[in-house]
Amino acid sequence: MTATDKATQSILIIGAGCFGLSTAHHLASSGYPNITVLDKDSEVPSRFSAANDLNKIIRAEYADPFYTDLALEAIQKWQTDPLYKPHYHQTGFLNVVSNAAPPETKHVIEKYLASIENHAAFRDQVRRVNGPAEIKDLVPAFTGPVDGWSGYYNKLAGYSHSANTLKAVHAACLTKGVKFRLGKADGEVESLLYASSSRQGSTACVGARSRGGKVYLADRTILAMGANVPTLIPSIGKQMTGRCWGVAHIQLTAEEARQLGGIPVTNVRDLAFFFEPDRETNKLKFCHMGGAFTNFAGSKDGLSLPFSSISESRFIPADDECYIRRLLREVLPRFAERPLIDQHLCWIADSHNSDYVIDFVPGTGASLVVLSGDSGHGFKMMPIFGRFVQELLDDGRQSQAKWRWKESKPKTGSVWRSGDSQELAGLARARL
Ligand SMILES: Cc1cc2nc3c(=O)[nH]c(=O)nc-3n(C[C@H](O)[C@H](O)[C@H](O)COP(=O)(O)OP(=O)(O)OC[C@H]3O[C@@H](n4cnc5c(N)ncnc54)[C@H](O)[C@@H]3O)c2cc1C
Ligand SMILES: *[C@@H]1O[C@H](CO)[C@@H](O)[C@H](O)[C@H]1NC(C)=O
């Protein structure tokens with residue numbers, strides 16, 4: 001695209017979550033003058049955004065090394081960009097399995113390690129950690145038995161306060177003149193609008209209509225609705241499934257939180273992962289990252305979609321509670337019976353091979369872009385994600401094959417997850 005095109009083009013972004021905000025900020029910074037962002041919640045961060053959370057892991061090891069270099073680039077931004085830096089805490093990442101882990105899970109740890117072990121950026125940053133003595137030497141605050149824990153420790157990693165990052169990028173977008181329309185009536189998109197005449201076999205998307213009937217026209221429309229994207233383009237359901245994980249917290253006192261300050265992000269792959277206590281609220285956050293849960297029962301079109309109201313997502317499955325309590329008995333037994341508070345399901349758009357989908361929707365003549373398939377690893381890319389979209393707009397086609405629209409399911413499964421996904425309906429729920 002030429003510079004003059006850019007100077008007049010209007011952009012409509014649907015969804016002010018991680019991908020939408022990063023894209024808005026990037027495009028506004030690179031000279032697009034007329035950007036409007038819509039979101040169904042009445043404020044940013046949206047309660048529907050997967051990234052509206054105390055923290056997310058920032059790390060560059062991947063079972064697929066393609067993402068390692070991208071994540072390293074993102075980490076450099078987390079370390080240095082004044083917009084992102086205040087929210088990033090490089091506490092390191094301890095990635096291990098417990099004694100009870102199945103061999104496949106142990107194997108995944110080895111794959112992750114292999115992606116960084118011999119990478120120049122990680123020289124002197126990574127080491128194996130085997131057994132309780134080495135674990136406790138690394139993290140003296142772990143008082144439990146940490147029986148048989150083994151894996152590795154990576155210093156070039158940590159976490160970001162993700163809700164605060166969303167807030168900061170939203171504020172930066174406002175400074176750059178990006179317009180936001182939020183809330184059910186004005187911001188929640190009910191349908192996309194298409195031109196009545198088609199040209200060369202394609203029908204252009206010309207904007208969107210909100211629930212309250214507001215019409216937003218734009219030269220380009222960008223869908224960044226996380227797991228909700230099939231509600232506007234059901235055909236993407238072939239390549240993407242809405243899935244969720246359970247998130248829960250325990251409340252610590254200020255003194256308890258102080259004792260755990262600075263611990264690495266700790267992922268016991270077969271149990272759950274957790275972070276240092278949140279610096280504002282003293283909460284410890286936990287997530288059991290198994291095969292994730294689907295909600296096919298919620299849709300008549302054979303799609304798995306998030307619940308439409310926040311209250312329906314306010315629980316975690318009982319099995320998740322078991323994993324979290326087992327983890328606590330292993331690592332911090334004094335907290336093993338604390339109530340699990342702020343329980344909720346966090347929804348992602350899962351592609352079949354965990355690759356993002358960043359492409360034009362076929363048949364729309366480059367008027368409609370979809371950003372999806374975050375597959376639970378999108379947040380770390382927030383400082384650079386918008387650039388991927390800008391490149392797509394500039395080039396007029398997706399040159400990165402991995403990120404193209406896929407007409408059907410690739411045959412290979414994901415090697416990234418432990419366990420298969422389960423349907424939510426009928427699962428027992430954790431104690432509140
Ligand atoms: C438990 C959990 C842990 C995770 N941990 C990590 C991690 O450690 N590291 C990492 O990198 N990533 C992590 N992720 C993934 C990360 O949060 C996502 O990849 C990222 O948030 C995806 O961004 P998105 O913009 O596609 O979707 P979202 O951030 O979910 O944003 C979607 C937005 O669309 C809006 N929306 C939906 N429907 C409509 C509509 N009809 N009209 C208008 N607006 C609409 C929503 O309100 C929301 O704001 C985790 C996810 C979960 C669930
Ligand atoms: C921005 O784009 C919209 C939709 O194309 C248009 O109606 C509006 O006039 C534009 N605003 C400016 C300031 O150019």
Side-chain angles (χ1 to χ4, degrees), residues 7-23 32-53 55-59 67 71 74 93 157-160 162 165-166 170 177 179 181-184 186-192 206-208 210-211 215-220 223-232 240 242-248 265 267 272-273 275 285-289 292 305-306 308 310 313 316 320 344-350 356-358 370-382 385:
T8 54
Q9 239 188 57
S10 53
I11 305 268
L12 180 66
I13 299 176
I14 304 175
C18 170
F19 289 175
L21 287 171
S22 174
T23 300
Y32 285 87
N34 189 352
I35 304 173
T36 303
V37 183
L38 308 179
D39 199 282
K40 69 193 266 191
D41 207 353
S42 51
E43 54 184 84
V44 179
S46 159
R47 289 165 301 162
F48 298 94
S49 165
N52 185 3
D53 205 349
N55 39 43
K56 298 286 184 204
I57 308 172
I58 308 296
R59 47 126 185 119
Y67 290 98
F93 180 47
Y159 74 93
S160 276
S162 49
T165 308
L166 295 179
H170 174 230
K179 298 172 282 271
R181 299 290 177 265
L182 305 175
K184 196 171 175 117
D186 290 359
E188 180 167 355
V189 171
E190 193 174 55
S191 56
L192 296 173
V206 295
S210 75
R211 251 185 212 290
V215 166
Y216 300 93
L217 298 176
D219 297 316
R220 298 219 202 233
L223 302 175
M225 301 155 65
N228 279 295
V229 75
T231 57
L232 296 189
M240 199 222 84
R243 289 203 173 94
C244 62
W245 286 298
V247 176
V265 177
N267 181 24
F273 63 89
F275 304 73
K285 174 186 138 181
F286 297 90
C287 175
H288 164 69
M289 195 164 275
L305 293 173
S308 51
I310 293 292
S313 281
I316 64 170
D320 281 19
H344 65 268
L345 301 173
C346 174
W347 293 89
I348 57 159
D350 225 0
Y356 308 143
V357 178
I358 306 172
V370 65
L371 313 178
S372 187
D374 74 279
S375 306
H377 66 104
F379 182 77
K380 67 172 70 64
M381 302 294 183
M382 192 165 174
F385 192 90

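In listed order, ligands and their atoms are each counted from 1. Because the structure is a prediction, the values reported are computed rather than measured.
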If you measure every N or O of [X] against every N or O of ligand 1, does any of those distances drop under 3.5 Å?
{"X": "Lys380", "answer": "yes"}
{"X": "Met289", "answer": "no"}
{"X": "Lys40", "answer": "yes"}
{"X": "Glu188", "answer": "no"}
{"X": "Lys285", "answer": "no"}
{"X": "Asp41", "answer": "no"}
{"X": "Ile14", "answer": "no"}
{"X": "Phe379", "answer": "yes"}

Give the atoms of ligand 1, by number and element, whose distance to some non-hydrogen atom of [X] is under 4.0 Å.
{"X": "Asp374", "result": "15 (C), 18 (C), 19 (O), 22 (C)"}
{"X": "Ile348", "result": "51 (C), 53 (C)"}
{"X": "Ser46", "result": "46 (C), 47 (O), 48 (C), 49 (O)"}
{"X": "Gly187", "result": "42 (N), 43 (C)"}
{"X": "Ala224", "result": "32 (C), 33 (C), 34 (O)"}
{"X": "Ala51", "result": "17 (O), 21 (O), 29 (O)"}
{"X": "Gly226", "result": "26 (O), 27 (O), 32 (C)"}

When the ring planes of Phe19 and Phe385 are compared, do they come out parallel, tilted or perpendicular, using 30° and 60° as the limits? parallel
Is [X] reaching over with its side chain to a backbone N or O of [Y], donor-acceptor style, under 3.5 angstrom?
{"X": "Thr231", "Y": "Asn228", "answer": "yes"}
{"X": "Asp41", "Y": "Arg47", "answer": "yes"}
{"X": "Tyr216", "Y": "Asp186", "answer": "yes"}
{"X": "Thr36", "Y": "Leu12", "answer": "no"}
{"X": "Ser375", "Y": "His377", "answer": "no"}

I want to confirm something. Looking only at heavy atoms, which of [options] is nearest to [atom]?
{"atom": "atom 32 (C) of ligand 1", "options": "Met225, Lys184, Met382", "answer": "Met225"}
{"atom": "atom 28 (P) of ligand 1", "options": "Ser49, Gly246, Gly376", "answer": "Ser49"}
{"atom": "atom 53 (C) of ligand 1", "options": "Cys346, Ala50, Ser372, Gly17", "answer": "Cys346"}

If you take all heavy atoms of Cys18 and Met382, which pair is closest and at what distance? O-CE, 3.8 Å
Just checking Phe273 against Phe93, ring centres under 6.0 Å apart?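 Here the rings of Phe93 and Phe273 have centres that are no less than 6.0 Å from each other.
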Tell me which one of Val189, Ile13, Leu232, Asp39 satisfies side chain to side chain contact (heavy atoms under 4.5 Å, CB included) with Met225.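 The residue from Val189, Ile13, Leu232, Asp39 that satisfies side chain to side chain contact (heavy atoms under 4.5 Å, CB included) with Met225 turns out to be Leu232.
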Quickly, which of Ile348, Asp350, Leu345 forms a side chain to side chain contact (heavy atoms under 4.5 Å, CB included) with Cys244? Name it, please.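 Passing option: Leu345.
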Can you establish whether the number of heavy atoms outside Glu43 located under 6.0 Å from its atom CD is more than 12? no
Look at atom NZ of Lys179 and say whether more than 12 heavy atoms of other residues, nucleotides or ligands are closer to it than 6.0 Å. yes
Among all protein non-hydrogen atoms, which one is nearest to [atom], and what is the separation to 0.1 Å?
{"atom": "atom 4 (C) of ligand 2", "value": "Leu217 O, 3.0 Å"}
{"atom": "atom 8 (C) of ligand 2", "value": "Asn34 ND2, 3.7 Å"}
{"atom": "atom 41 (N) of ligand 1", "value": "Val189 O, 3.2 Å"}

Heavy atom under 4.0 Å from ligand 1: found in [X]'s side chain, backbone, both, or neither?
{"X": "Lys56", "value": "both"}
{"X": "Trp245", "value": "side chain"}
{"X": "Val247", "value": "side chain"}
{"X": "Ile57", "value": "both"}

Taking the side chain as C-beta and beyond, is there a heavy-atom pair between Asn55 and Val265 under 4.5 Å?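 Answer no - side chains too far apart.
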Non-hydrogen side-chain atoms of Leu166 and Ser49 separated by less than 4.5 Å: yes
Please check whether Ser10 reaches ligand 2 - meaning an N/O of the residue sits under 3.5 Å from an N/O of the ligand, judged on distance alone.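 Yes; the residue has a nitrogen or oxygen that sits under 3.5 Å from a nitrogen or oxygen of the ligand.
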